[in-house]
There are 2 protein chains.
Amino acid sequence: MTQRRKVGNLLALAVLATVVQRPMHPYEMASVLRARGKEDDMEIKWGSLYTVVRNLTKHGFLAVVDSTREGARPERTVYRITDLGRAELVDWARELVSTPVPERPRFKAGLSVLAALAPEEAAALLRQRLDALTAANAASRAELARHSDVPRLFLVEGEYELAVREAEAAWVRALLDELDSGTFPGLAQWRHWHATGEVPVELAEIAERGSTT
Amino acid sequence: MTQRRKVGNLLALAVLATVVQRPMHPYEMASVLRARGKEDDMEIKWGSLYTVVRNLTKHGFLAVVDSTREGARPERTVYRITDLGRAELVDWARELVSTPVPERPRFKAGLSVLAALAPEEAAALLRQRLDALTAANAASRAELARHSDVPRLFLVEGEYELAVREAEAAWVRALLDELDSGTFPGLAQWRHWHATGEVPVELAEIAERGSTT
DNA sequence: GTCCGTATACTCGCCGACGAGTAATCGCAG
DNA sequence: CTGCGATTACTCGTCGGCGAGTATACGGAC
């Protein structure tokens with residue numbers, strides 16, 4: 001494959017952003033990243049750390065400084081970032097900030113199979129989601145307030161997430177209102193499809209979705 | 001791993017939702033899914049189709065109906081959904097609708113390394129993103145309008161995506177205004193950090209993020 | 001009637017992801 | 001001063017993901 005990045009795992013971005021500050025051995029990177037709460041910003045699986053570091057080294061983004069042995073501990077290999085690595089970090093940051101990629105949240109997948117559920121059940125589940133979202137948003141707001149002394153620059157990800165989750169909550173609430181009040185169009189058919197066993201010919205019409213999205 | 005779903009790939013959900021309508025062979029599933037534009041709802045890699053179908057069969061969610069040979073074409077194995085498969089589909093739909101999972105959009109990762117860029121450049125890149133978002137939203141709105149004859153039930157995913165993307169655009173616009181007008185707090189320090197080479201001791205403070213998020 | 005482009009229907013093999021395991025050391029309880 | 005549970009610092013093996021490739025057949029052009 002002609003893949004975009006030599007090392008595509010976002011954990012690699014986190015590693016580059018950490019090692020750019022000072023040389024480190026992998027375990028220290030993990031500690032720093034964990035302490036900074038980077039796990040909230042990107043999907044991080046710690047089992048991939050050594051693989052990622054090795055691949056970054058293979059592609060010249062990191063270089064081995066030395067392998068010190070401290071006490072009788074297992075050997076610790078210390079890595080530093082290279083010029084190439086610095087360039088990769090900046091280039092990657094540019095891409096992530098400038099270019100929206102179609103995200104496919106799991107909720108979207110869920111909504112796309114909503115017809116598999118009865119409307120009443122769907123409403124109940126959506127209410128559950130709404131409650132969870134509301135709670136999460138309250139927690140985020142509190143967290144941001146706690147860090148009012150930290151420079152904004154380091155809080156923007158949190159502010160972004162909150163803004164988007166608030167929009168989701170509002171949207172769910174609106175949908176829920178339509179379901180509860182019975183103003184959602186086609187409720188009767190939905191109920192009927194679900195009782196009898198799945199949808200009719202409309203699918204043929206939907207089939208003609210295409211081109212721009 | 002004690003993993004949640006026997007077959008975790010969302011393509012499996014799409015397959016179940018398709019085969020629930022009538023028995024099919026894998027290639028036909030692909031055609032139907034493609035025609036419905038399911039690729040917009042979830043990440044689908046077609047190379048995984050046969051693996052996923054095999055795994056669904058292995059776990060009893062699908063069953064082989066027969067292997068007909070039509071003409072001299074390669075053998076086509078037709079699958080039907082089982083009761084277990086139907087249960088899995090419904091259970092999965094319930095989970096996806098009711099339970100928000102922390103999504104980690106790539107943009108969030110980008111924002112978390114925003115300090116790697118100079119504020120002026122960040123602003124320029126954000127403007128690029130805003131333009132792209134605006135265009136995508138216009139396209140989505142047009143697409144939804146085109147399908148005003150299709151039952152709402154089958155359009156909710158699209159409405160959701162639009163709502164969320166509009167919130168993102170609004171948030172980016174707001175941030176951009178702060179950067180352009182110079183009202184974003186700590187702009188001078190940001191510039192300074194970037195010129196000299198990375199951030200100072202504040203990290204220690206940020207390090208104390210934790211607990212609730 | 002034969003050439004070739006396109007659709008059909010898959011197979012294969014590499015490689016990264018990551019959970020689970022391991023081994024050494026630290027520290028502190030008794 | 002000796003267990004032993006926790007922490008440190010990794011290694012390893014499996015397993016699925018998925019891009020690229022393959023092979024056959026149909027249909028229309030000339």
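Every heavy atom of this structure was used, including side-chain atoms; hydrogens, water molecules and symmetry mates were not.
Between dC10(C) and Y27(B), no contact under 4.0 Å exists linking OP1 or OP2 to a side-chain N or O. One finds no side-chain N or O of H25(B) lying less than 4.0 angstrom from the OP1 or OP2 phosphate oxygen of dT8(C). One finds a side-chain N or O of N9(B) lying less than 4.0 angstrom from the OP1 or OP2 phosphate oxygen of dG17(D). Note on T51(A): every side-chain N or O is 4.0 Å or more away from OP1 and OP2 of dA17(C).
Atom-to-atom, CG of L10(B) to C1' of dG16(D) comes out at 15 Å; the value is rounded to the nearest Å. Rounded to an integer number of Å, the gap from CE of M29(A) to P of dT8(D) is 17 Å. The CH2-P distance, from W46(B) to dG16(D), rounds to 20 Å in whole Å. Look at CZ on R54(B): it is 13 Å from C1' on dC18(D), rounded to the nearest Å. E28(B) places its CD atom 18 Å from the P atom of dA7(C), with the value rounded to the nearest Å. Rounded to whole Å, atom C1' of dT8(D) lies 13 Å from atom CG of L49(A).
By the side chain to side chain donor-acceptor pair (under 3.5 Å) test, N137(A) pairs with R165(A), sequence neighbours left out. Listed by chain and residue number, nothing satisfies the side chain to side chain donor-acceptor pair (under 3.5 Å) test with R54(B) (two or more places apart in sequence, or in another chain). Residues that satisfy the side chain to side chain donor-acceptor pair (under 3.5 Å) test with R86(A), not counting sequence neighbours, are absent from this structure. Applying the salt bridge (Lys or Arg N to Asp or Glu O under 4.0 Å) rule to E103(A) yields no partners; only residues at least two apart in sequence or on another chain are considered.
Taking the nucleotide of DNA chain C with the nearest heavy atom to each of I44(A) and Y50(B), the more 5' of the two is matched to Y50(B).
Among the nucleotides dG17(D), dT11(C), dG16(C), the one closest to the side chain of N55(A) is dG16(C). Of the candidate nucleotides dC18(D), dC18(C), dG16(C), dC18(D) has the atom lying nearest to any side-chain atom of K45(B). For S48(B), the listed nucleotide lying nearest its side chain is dG17(D); candidates were dG17(D), dG16(D), dA17(C). The side chain of V52(A) has dA17(C) as its nearest neighbour among dA9(C), dA17(C), dA9(D).
The residues K6(B) and E88(B) are annotated as not salt-bridged, no charged nitrogen and carboxylate oxygen being separated by less than 4.0 angstrom.
A donor-acceptor contact closer than 3.5 angstrom is absent between the side chains of E161(B) and W171(A).
Looking at DNA chain D, the stems built from 3 or more consecutive Watson-Crick or G-U wobble pairs, each pair with its key distances under 3.5 Å, are C:1-30 with D:1-30.
Counting only residues at least two apart or on different chains, the ring pair (Phe, Tyr, Trp, His ring centres under 6.0 Å) pairs with a member in residues 84-116 of chain A are F107(A)-Y160(B).
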